Amino acid sequence: MNRPLLHQRFPPLGDALPHLRLGQAPTPVRELTGLTCSVPVWCKDESGYGAGGWGGNKIRKLEWILPDVRRRGARTVLTVGGLGTNWGLAAALYGREQGLSTAVALIDQPMDEHVRAQLVRLRRSGAALHRTRTKRRTIAAVPWLLLRHTTVRGLPYVLPAGGSTAVGTLGYVEAALELAGQVASGEMPEPSHVVTAVGSGGTAAGLLLGLRLAGLRTRVVGVVVNDTLRLDAPVIVALAGRAEKLLRKRGADFPSAGLAPEDVAIVRDWLGPGYGHATAECERALSLAATTASLQLEPVYTAKALAALIALADDGRLAPGPVLFLNTHGPRRS
């Protein structure tokens, strides 16, 4: 059945909260037997999600965001990201397929091979790119950007970095329900923890809410990789709460999830000097993932998350296990 699990679970959402299928679900789960760790480690591999020019966790968000853009009658998406933004590229490529234009304000980050390749992809995507360079200059430029991308059809649809709005967060509420189905069918045991990178908060918030809706006890561990946004447990829980409120407003009926900051663990020790800066730990995790698990990670998000997982497990902080690593990186040719 191609209907999203949220629509199946809460039928009133079918009309009230439109969804656009952009990838093939469910994404696979497998044990990373070659990864030496003090607890069993499994992976839910989102890298193959998305049928367009880019994949990974951003596509899950766009499945809910793009229909909302059309519902509001907007023709342009205005968003922000680093120079190597996966989010901006995904928004541009999938938005273009839906007849939408995309404009991206780009904030500086360390330049490396990954970022240079991403900039080439961004330029090819057709998005309007604005080098605003810093967070402060980006905020100051918002009025001009709104004016620049307002058309006779109206204002652009404005999205924060990573698409981490209440609507975008539903992408990982959906993924958590999907994971619960894989646990129920015996594809993997229920994990004690799921570890994910936190760049803007939407993935962690969606997982937190979705796991509770599904009745799983799995604890979310978010590895902060971005120093330009406030990303702590209260922020993640507040975003999950806004997604919960949205579901109720659109017709879903379920008991309160009762989320609290202690329901999610946020760790910052693997950030390094800042967003986009590689660290020795993430370089080792990058190599380890490739050689032992055939996982293609990148140094900004997923390698730091895996480095944190290994260290936290070795410190006994992820007991009893198993632990699920969420691979959110989804490279494509574009």
Side-chain angles (χ1 to χ4, degrees), residues 47 54-58 79-93 102-125 127-141 145 159-164 195-204 222-232 266-290 295-311 325-334:
S47 64
W54 200 251
N57 66 326
K58 314 304 184 188
T79 192
V80 62
L83 288 176
T85 173
N86 291 330
W87 159 246
L89 179 61
L93 293 173
T102 302
V104 188
L106 295 174
I107 296 174
D108 288 345
Q109 70 180 86
M111 189 66 70
D112 59 16
E113 183 179 344
H114 168 73
V115 173
R116 280 189 287 270
Q118 198 73 331
L119 273 171
V120 171
R121 297 183 187 104
L122 281 164
R123 292 181 183 120
R124 286 202 305 246
S125 73
L129 305 178
H130 302 282
R131 291 286 295 273
T132 49
R133 298 192 176 277
T134 67
K135 179 180 178 181
R136 179 174 295 181
R137 288 180 61 179
T138 301
I139 293 171
L145 290 169
L159 285 164
S164 290
V195 177
T196 184
V198 176
S200 59
T203 298
V223 181
V224 173
V225 300
N226 189 351
D227 59 341
T228 67
L229 300 173
R230 181 186 165 193
L231 295 166
D232 56 20
I266 301 296
V267 296
R268 305 182 62 88
D269 298 341
W270 288 267
L271 172 63
Y275 178 76
H277 289 265
T279 64
E281 295 89 349
C282 93
E283 294 291 356
R284 286 195 292 271
L286 197 74
S287 175
L288 188 66
L295 283 178
Q296 182 181 351
L297 306 183
E298 41 66 47
V300 180
Y301 294 87
T302 48
K304 288 182 178 179
L306 183 61
L309 184 157
I310 294 168
F325 172 64
L326 188 71
N327 179 25
T328 55
H329 180 47
R332 298 280 192 282
R333 291 184 178 181
S334 58

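Just so it is clear, the structure is predicted and the values come from calculations on it, not from any experiment. For the numbers below, each heavy atom of this structure counts, side chains included, while hydrogens, waters and symmetry mates do not.
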Look up atom [atom1] in [X] and atom [atom2] in [Y], then write down how far apart they are to the nearest 0.5 Å.
X: Cys282; Y: Leu306; atom1: SG; atom2: CG; answer: 10.5 Å
X: Asp108; Y: Arg133; atom1: CG; atom2: CZ; answer: 5.0 Å
X: Asp112; Y: Glu298; atom1: CG; atom2: CD; answer: 10.0 Å
X: Thr203; Y: Asn57; atom1: OG1; atom2: CG; answer: 4.0 Å
X: Thr138; Y: Ile107; atom1: OG1; atom2: CD1; answer: 4.0 Å
X: Leu93; Y: Arg121; atom1: CG; atom2: CZ; answer: 10.0 Å

4.5 Å side-chain heavy-atom contact, [X] and [Y]:
X: Thr102; Y: Ser125; result: no
X: Ile266; Y: Leu231; result: no
X: Leu288; Y: Ile310; result: yes
X: Gln296; Y: Ser47; result: no

Apply side-chain contact (heavy atoms from CB on, under 4.5 Å) to Thr196 and Thr328, showing your working. CA-CA 8 Å; Thr196 184; Thr328 55; 4.2 Å; yes
Whether Lys58 engages the ring of Tyr301 as a cation-pi pair (distance to the six-membered ring centre under 6.0 angstrom, angle to the ring normal within 45°) should be assessed. yes
Are the side chain of Thr79 and the backbone N or O of Leu159 linked by a donor-acceptor pair below 3.5 Å? yes
Whether the side chain of Glu281 engages the backbone of Trp270 through a donor-acceptor N/O pair (distance < 3.5 Å, no angle test) should be reported. no
For Val115 and Gln118: C-alpha separation, side-chain torsions, deciding distance, then whether side-chain contact (heavy atoms from CB on, under 4.5 Å) applies. CA-CA 5 Å; Val115 173; Gln118 198 73 331; 5.5 Å; no
For Asp269, all residues meeting side-chain hydrogen bond (donor to acceptor under 3.5 Å, both in side chains), sequence neighbours excluded: none
